[in-house]
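Count residues from 1 along the sequence.
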Amino acid sequence: MTSIDLAGEWRLVRLATNESFPAAVPGDTHSALLAAGRIPDPYQALNELDVQWVGREDWAYEREIEVDSHLLSQERVELSFECLDTLAEVFLNGRSVGRADNMFVRWVFDARPFLAPGRNTLRVAFSSAENAAVAAAERLPYPVPHSVYPVQSPHHNLVRKAQCHAGWDWGPCLMVAGIEGPVSLDAWSDARIDYVYDEQRHTRGACAVTVFVECQAARPAELELRVAVGAVRVHKRVAVVPGAQRLSAEVVVEDPELWWPHGMGEPRLYDLVVELGSHAVRRRIGLRTLQLVTEEDAAGLSMSFRVNGRDVFCKGANWIPPDALPQRESISRLRHLLDSACRANMNMLRVWGGGRYETEDFYRLCDENGILVWQDMMFACALYPASPDFLASVEREIRHQVKRLRHHPCLALWCGNNEDVGALTWFPESKKNRDRYLVDYDRLNEGVIGRVVDELDPTRTFWPSSPSAGRGDYSDNWHDDRRGDMHYWSVWHEGRPFHAYYDVSPRFCSEFGYQSFPSLRTIRTYAAEEDLNATSPVMEHHQRHPRGNSAITEMFTRYFRVPEGFESFVYLSQVQQALAIKTAVEYWRCLRPSCMGTLFWQLDDNWPVASWSSLEYDGTWKLLHYAARRFFAPVLLCAWLKDGRVELALANDRASEARGSVTLSVRDLAGTAVRTETMDARVPGASVARLGSWDREELAPRPDQVFLHLALQIGEERSQNELFLVEPKRMALPRVRLAASVRADGDRCLVRLVSDAPAFYVALESGEIRGEFSDNCFTLLPGTAREIEFRPAVPVAAAELERSLRVRHLRETYR
Ligand code: BMA
């Protein structure tokens, strides 16, 4: 096969005026217009509102391609687009080659009849997806409602485009169009490989890998098929017939090294190379078994993932597309986000259904990092049509995506959608006529998505929706903690207190979240000095949850003294978020094995905004992400107060026994231990041990004058934790003198902290200097210095860090 890569510089034409601008491919309209100075940066201030016109216009991408007669002498010459977003017509030399209407489908067009030797013009004309959605809504026999957010493009559920492009409760409305993936002109005469995937049979000491090759042939032929997995190779002659077909070959790997999720072993990968005639493709696969175990039990229906025979307690978060402007994404940013997930001890991400099936790089990095992927299909928070064309388009999409992705060892589950069963109860139309909408839902979800997944990937479970109580169950599982996965939103959406997390015992909690503001550095990228107030128009614009800022502020009043000044407000919002999610995760982890997963909402942001994320738009770790590294640690010592009792537990996700010493101390506000309990703790692998239970009144008769400090030592490993027994606002916390000094240590800096009284939620901020601390948002006891490492993104002098360093803690947020 001969391929011409068509990535690079194209021209973007505004069809209404014929103006043209240079444009990158892969790329999007908005990024091209921004680079040309034609629109302001939509992430700053209120600019997003001024660029809404872009999505309501039609655009074309154009370029010339040189084609020689050798290329044209091939039997087949095709234009292949990995992602056309969304409604496109492709022209060669002014003649239509074909149309596309779904950004999740790979489009391959026969180009040969339209090309001539020499210079040819390629043009991809995009018509406005928003206008098309509005027109489609008018043609519907009855309304098909969707969720509506503050800045919203209507009827996004009627076009097969990333749903969050139309705006979400954390994301801007930027209805980008463009050629957003690889594009090439491919010429061949024998065969083209479309998909390669495998099935594995593990027996003692060996793994038989059947490699499937889906291909197209131009004419009847006998070709050589070569398949190699690592160093093991096989080859054979195969007869191909014109059109699509599936070939296979078996390779046996002796003594396989298995692929393990992060924290359970190495994510070992094997190179897989497939050659068919003149076409070769390379993949990396992992040898492993994976099952989703759902069993009826006394509590309901279990839900746990089992890899290589070992149950995985899933720890992680939900993933959204990392940029509202796809062109701004990069491999280095992606690597940073996924490394950050790993460094916070995560082993699973859920690719949420309102975004997109992720890029090849994403799944490759998840494979390499041992991050399991819960893969939603791209439907979220809406009802969808069940018209024959819509279903046909979805079928094409699901067939493509399942075949494209199924060789990835990281891929753990296919899930039909996000919250679409719940959505049946959200809208007046569907409340009035649930039957009609439920039938439509089922035609799409079981009639197409489930059926196609069953057919094309029998190695994985199809989970109908998130949340869901399993296949065939159409109840709204949001509030049901007995069966399958749940989304627990009562704390954020219903304003319940943090201890409400103790009222549920999820089998697998695939969403729960709490918002915070991003760091001041990020806020300053969109807000001017005079906007630095939570209710200024710019700050409210960068908060997409209508009650978001009030929910954050109201929760402050319940737990904390009202923070003074904007900087304290921002800091405390991050403390509060970390505290909320820590409360949930620690307790739910200790319900193991009844609960086997916690994925908080959400890992990343797609623009700078106040949201539920633990990583800011530029990848900066919020305090939640630092807290996550501790509450997701393989071995966790924690305590909670429930029904008047303090419970102490040790959760161990490792395979081997954890054995160490545990100290629980009741400390007064000067930090002095007034009561200490020490114990040797042993907890077998993959389990939880309850270490003790105390009546709160007996343990701490004056709960507002003490806090609990927990310390764990296992060999050289030490960790600590703390628990307040009343809301911190009720405690007369002493003023703290906290000294920080910085010294260089190779390419890192070390920050030494000493305080004269307990300092809570100590947070280090590096100002304009980007980088990461080894720990953050912790309790600092008096008398013991702590040294925190800072890894700058680019080298920085210790003196410079010392100048920018800001150390915050709870007591300094009020007078
Ligand atoms: C959920 C998600 C998202 C949403 C989030 C926060 O339930 O599935 O649609 O952004 O809550 O409201």
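- Side-chain polar atoms of Y363 and Q375 form a donor-acceptor pair below 3.5 angstrom.
- In this structure, R268 is positioned above the aromatic face of Y270, its NZ or CZ under 6.0 Å from the six-membered ring centre and within 45° of the axis.
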Checklist line | side chain to side chain contact (heavy atoms under 4.5 Å, CB included) between E360 and E82, intermediate numbers included | finding: CA-CA 11 Å; E360 204 42 48; E82 203 55 44; over 6 Å; no
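- Side-chain contact annotation: S466 with S510, donor-acceptor N/O pair under 3.5 Å present.
- Distance alone, capped at 3.5 Å, is enough to place a donor-acceptor pair between the N477 side chain and the D485 backbone.
- Between F305 and F508, the angle of the ring planes goes over 60°, which puts this pair in the perpendicular group of the 30/60° scheme.
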I'd like to know whether L140 forms a side chain to side chain contact (heavy atoms under 4.5 Å, CB included) with H155, so could you lay out the CA-CA distance, the side-chain angles of the two residues, the decisive distance to 0.1 Å, and finally the verdict. CA-CA 11 Å; L140 290 172; H155 306 295; 5.8 Å; no
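- The aromatic ring centres of W601 and W168 sit 6.0 Å or more apart.
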_Apply salt bridge (Lys or Arg N to Asp or Glu O under 4.0 Å) to residues E511 and R350 and explain how you reach the verdict._
CA-CA 9 Å; E511 271 191 26; R350 168 169 172 248; 2.8 Å; yes
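- Using the six-membered ring where Trp is involved, H487 and W478 have ring planes that are tilted, between 30° and 60° apart.
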Check against ring-ring contact (aromatic ring centres under 6.0 Å, His included), Y142 and Y437: CA-CA 10 Å; Y142 46 86; Y437 291 97; 5.7 Å; yes
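- Taking the six-membered ring where the residue is Trp, W107 and F109 present parallel rings, their angle staying beneath 30° rather than reaching 60°.
- A ring-centre distance under 6.0 Å is not found for F462 and W414.
- At distances below 3.5 Å, at least one donor-acceptor pair connects side-chain atoms of W259 with backbone N or O atoms of D367.
- Residues W319 and W374 place their aromatic rings such that the two centres sit no closer than 6.0 Å.
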Please evaluate residues H146 and H156 with respect to the criterion ring-ring contact (aromatic ring centres under 6.0 Å, His included), reporting the C-alpha separation (whole Å), side-chain torsions for both, the decisive distance (0.1 Å), and the verdict. CA-CA 8 Å; H146 60 82; H156 60 268; 4.5 Å; yes
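- For the residue pair E214 and Y197, a side-chain donor N or O sits within less than 3.5 Å of a side-chain acceptor on the partner.
- Between F379 and Y384, the two ring planes are perpendicular [angle over 60°; tilted spans 30° to 60°].
- A salt bridge is defined here as a Lys NZ or Arg NE, NH1 or NH2 lying under 4.0 Å from an Asp or Glu carboxylate O, and R201 with E199 fails to meet this definition.
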